[in-house]
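All residue numbers refer to positions in the sequence shown, counting from 1. Hydrogens, waters and symmetry mates are skipped; everything else that's a heavy atom, side chains included, is used. Note that ligands are numbered from 1 as they come in the structure, with each ligand's atoms numbered from 1 the same way.
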Amino acid sequence: MSAANTGKQRAAAAALAEVERGSVIGVGTGSTVNFFIDALAAERDLVRAAVSSSEASTARLRSHGIEVMDLNHAGSLDLYVDGADEATRDRYLVKGGGAALTREKIVAAASRRFVCIVDDSKLVDVLGRFPLPIEVIPMARSYVARELVARGGQPVWRENCTTDNGNQILDVHGLVILDPPSLERDLNQIAGVVTVGLFAQRPADLLVIGNENGVTVV
Ligand code: 5RP
């Protein structure tokens with residue numbers, strides 16, 4: 001297994017300790033979360049059910065026999081576990097590499113605690129090296145792109161990608177995100193933006209960073 005995958009698997013396994021037996025938890029999307037789902041399945045009956053942030057995670061959870069609930073029926077959740085494309089030690093995140101950012105932001109918002117699991121290659125001092133994903137209403141794509149250029153970004157349309165919500169993604173290159181909460185607030189105001197892949201106004205509560213030797217918790 002690659003060093004990155006070992007780090008992902010270790011972080012995922014460590015997050016199991018945060019799960020309260022018999023609870024309904026939120027589950028994110030991506031290869032790190034896949035390790036978490038597999039670890040969850042190995043601990044029989046640890047969770048009662050899960051609220052999933054994507055069709056892909058729903059399929060994986062169900063393939064392990066874990067019940068998936070609609071968020072509208074689950075009420076508020078105690079815990080949400082998800083990965084990230086970039087993370088700072090302040091627990092600000094860039095997410096959306098897997099195009100699931102909108103549902104991820106909703107489930108994170110509905111959860112009391114957000115535990116983010118990453119391998120150590122995701123840790124950065126300043127967000128922006130990974131292009132910032134922004135989900136947009138299809139008819140607003142060009143307008144939003146012009147607004148992003150006016151703010152110093154270089155948006156690239158993620159072609160052949162339709163989100164689970166029927167929308168499109170712009171990946172914004174060239175941003176140096178020195179003040180994540182204020183950039184998130186600003187980009188949220190652009191008409192046609194559905195979700196900005198910055199998780200700063202609601203950062204992770206715990207960042208579990210895995211590497212070949214073990215895990216560090218921030
Ligand atoms: C999906 C996400 C993922 O959390 C992010 O892309 C990290 O994925 P991986 O664990 O595969 O590196 O935000 O929208």
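The residue from G83, S31, G30, S53 that puts a heavy atom closest to atom 11 (O) of ligand 1 is S31. Ranked by closest heavy atom to atom 1 (C) of ligand 1, the top entry among K95, E104, K8, K105 is E104. Checking T32, D119, N34, V33 against atom 10 (O) of ligand 1, the nearest heavy atom belongs to T32.
The protein heavy-atom contact nearest to atom 3 (C) of ligand 1 is T29 O, 3.2 Å. Atom 12 (O) of ligand 1 has as its closest protein heavy atom K122 NZ, 2.7 Å.
By the 4.0 Å heavy-atom criterion, G28 is excluded from the residues contacting ligand 1.
Here is the list of ligand 1 atoms found below 4.0 Å of a heavy atom in D85: 5 (C), 6 (O), 7 (C), 13 (O). Interface atoms of ligand 1 facing D82, defined by a heavy-atom separation under 4.0 Å, are 4 (O). Which parts of ligand 1 touch A99 is read off a 4.0 Å heavy-atom cut-off, strictly below it: atoms 14 (O). Of all atoms in ligand 1, numbered sequentially from 1 with element shown, those under 4.0 Å from a heavy atom of G96 are 2 (C), 13 (O), 14 (O). The ligand atoms of ligand 1 that sit less than 4.0 angstrom from a heavy atom of A100 are 14 (O).
Neither the backbone nor the side chain of P133 comes within 4.0 Å of ligand 1, counting heavy atoms alone.
Judged purely by atom type and a 3.5 angstrom limit, D205 uses its side chain to pair as donor or acceptor with the backbone of F114. The backbone N or O of S54 lies less than 3.5 Å from no partner atom in the side chain of S57, so there is not a single donor-acceptor pair. Side-chain atoms of S52 come within 3.5 Å of backbone N or O of T58 as a donor-acceptor pair. A donor-acceptor distance shorter than 3.5 angstrom exists from the side chain of Q189 to the backbone of R185, with no hydrogens or angles considered.
A cation-pi geometry, defined here as NZ or CZ lying under 6.0 Å from the six-membered ring centre and within 45° of its normal, holds between K95 and F199.
To the nearest 0.5 Å, atom CZ of residue R10 and atom CG of residue N213 are 7.0 Å apart. The structure places CD of E104 at 4.5 Å from OG1 of T29, a figure rounded to the nearest 0.5 Å.
Screening V218, I117, V215 for a side-chain contact (heavy atoms from CB on, under 4.5 Å) with I209, the sole residue that qualifies is V218.
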